[in-house]
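The chains referred to below are lettered A, B, ... by the order of the sequence lines, with proteins before strands, and numbering in each begins at 1. Just so you know, these numbers come straight off a predicted model, no measurement behind them.
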Amino acid sequence: MSESAEKPLLEVRGLAVSFYTPDGVVSAVQGVSFAIGRGRTLALVGESGSGKTVTAYSILRLIQPPGRITGGRILLRSARAGDIELADLGEEDELLYRVRGGLVSMIFQEPMTALSPVHTVGSQIAEAILLHQKRTVKEARELTIEMLGKVGMPLPSVCYHQYPHELSGGMRQRVVIAMALVCKPELLIADEPTTALDVTIQAQILGLIKTLQRELGCAVLLITHDFGVVAQMADDVAVMHRGTVVESGDVRSVLKAPQHAYTRSLLDALPSRRRPA
Amino acid sequence: MTDRTEGLDDRPLLSVRGLTKHFPVMSRGFRRSVLATVKAVDAVSFDLAAGETLGLVGESGSGKTTTARCILRAIDPTAGSVMFKLPDGRTVDLVKLTAGELKPIRQHAQMVFQDPVSSLNPRMTIGDIVREPLVIHQLARGEELAGRVAEVLARVGLQPEHSRRYPHAFSGGQRQRIGIARALIMKPSLIVCDEATSALDVSVQAQVLDLLKELQREFRLTYLFVAHNLDVVRNFCDRVAVMRKGRIVELAPTAGIFSDPQHAYTKILLSAVPSPDPDVRMNFNVGDELAKLDAADQS
């Protein structure tokens, strides 16, 4: 770990993704580059269609046909598994399965997309443990209950046997976070994790992500369109517009002194920055 | 529309008193008995002056949408009164009217919905969607009808040729403009915006809010603005009512709510908003504070 300590955990260089539709080729991401240091939080911010989710999906190789990564490299410097060139891995590569949910995990905006409606909450988290760690079923169960407690579920052992539909939106997101972090990933990708939630629930979920990040020492790639969330959560920020990163830097300098016209226009559109009409 | 401003009449446009909506919780099985009632809206009262914008904020489940729906009689309230001043100066209690009596009054109070996808019929052209309310109320026909549709589409920033297209051909912001056009064509005095800009990107949201502001000035519209985004409310509303568990816990001018919140819940709500200024730290600890508030409610 020490030799790679100075080098960033994840380095994305010149990433390009295109979708080959019957009506022509749509270039969703062109030449995106950024890096995330160990234990740091990078926010990828932009409006719908700017390519931030496509960028995140590329890291986990979740781009489905007709989409394809057409260029660039995605280098994960894992402390546990060494350097991995994610863009070069084959679809069926054993290493890819180790990366997904093990070294890198993801939480989504809508928790129900990540949860199976016909399995109990506990069995879904335990499944992740059994897949990625050499544990017995009993150990997996104990770990799951411990993790559910960590993410703030009241009565974790009861929750283990509940189905997702029995939980509120905020509680489901806690379960998804538990599932994502139970294998102690080195990188957590959070795609609009609180967009569908009320502000008070959002505050609790963001606080939870921060606390667990500190505890596990994992890096976070936070995808959001909310500059408030960026300012409160991120160390660094990359602003995306039409498939490219137009500006990046540490949060304070980008938000306080934006250099690019697009960043300025986004910040000026914030309700809190606009003059009362 | 000028007649609305005539007369020295300072009665509020809308006066809500003790508005209450209870939903029964039924038992399962054949013999359905009432187990409990959910007090979705619990004795809500407020006034809305003509030309004013009142923000109704709260979290999901706080009863803000149910309040808005009860006012427009989209659902029937359990109790309370909603006094609505008509353009001719009469005041009616919307709660007491029968469906037949209500119909001619509906043109004066319109609604703009959150989801621009589900609130527009995908099989109707934009022209048909915007025209429909005038046809239902038999307020215009022929040349006049076509003229009013063209006029209102232009006013919300859409092109005349858009009227032949279907909703799927439009972006979220444009669809919301269509929803606004449909409400505006009735020349209403009150528009209830239920999370009208919540589904939009910030820059598009800003444009739609600007449009609503311009229309308000031009047509002296009164808005009841239901929202959960406190930043939007801060910029858009004259006064704000904060709802929690079916009740209004605080109602004050916008500047006052944000600079000097009185109720403990309002304070917690405001502290939870992530500030875009990295030097203003948000409160991550709202869970415990809300739990304390709930405990205080119990005792």
Give, as side chain, backbone, both or neither, the part of B:N229 having an atom under 4.5 angstrom from any heavy atom of chain A. neither

In terms of heavy-atom proximity below 4.5 Å to chain A, should B:V280 be classed as side chain, backbone, both, or neither? backbone

Given a strict heavy-atom distance threshold of 4.5 Å, which part of A:L206 is in contact with chain B: side chain, backbone, both, or neither? both

Is chain B contacted by the side chain of A:V230, its backbone, both, or neither, given a heavy-atom distance below 4.5 Å? neither

By the definition side chain to side chain donor-acceptor pair (under 3.5 Å), identify the one residue from B:E59, B:E289, B:K245, B:R247 that meets it with B:Y265. B:E59

Output the option from [options] having the highest count of non-hydrogen pairs under 4.5 Å with chain A.
{"options": "B:S60, B:P276, B:A272", "value": "B:P276"}
{"options": "B:V202, B:T254, B:D279", "value": "B:D279"}
{"options": "B:N283, B:L230, B:V232", "value": "B:V232"}
{"options": "B:D277, B:V233, B:V273, B:I268", "value": "B:D277"}

Return the option, out of A:K210, A:H225, A:K256, with the maximum number of heavy-atom pairs under 4.5 Å with chain B. A:K256

So which residue, A:G169, A:A234, A:S265, A:A203, ends up with the most heavy-atom pairs under 4.5 Å with chain B? A:A203

Strictly below 4.0 Å, N to O, side chains only: are [X] and [Y] in salt-bridge contact?
{"X": "A:E215", "Y": "A:K150", "answer": "yes"}
{"X": "B:D294", "Y": "B:R244", "answer": "yes"}
{"X": "A:D236", "Y": "A:R40", "answer": "yes"}

More than 12 heavy atoms of other residues, nucleotides or ligands under 6.0 Å from NZ of A:K184: yes or no? no

Are more than 12 heavy atoms, taken from residues, nucleotides or ligands other than B:R155, located less than 6.0 Å from that residue's CZ atom? yes

Please determine, by modelled atom types, if A:T113 and A:E110 share a side-chain donor-acceptor pair under 3.5 angstrom. no

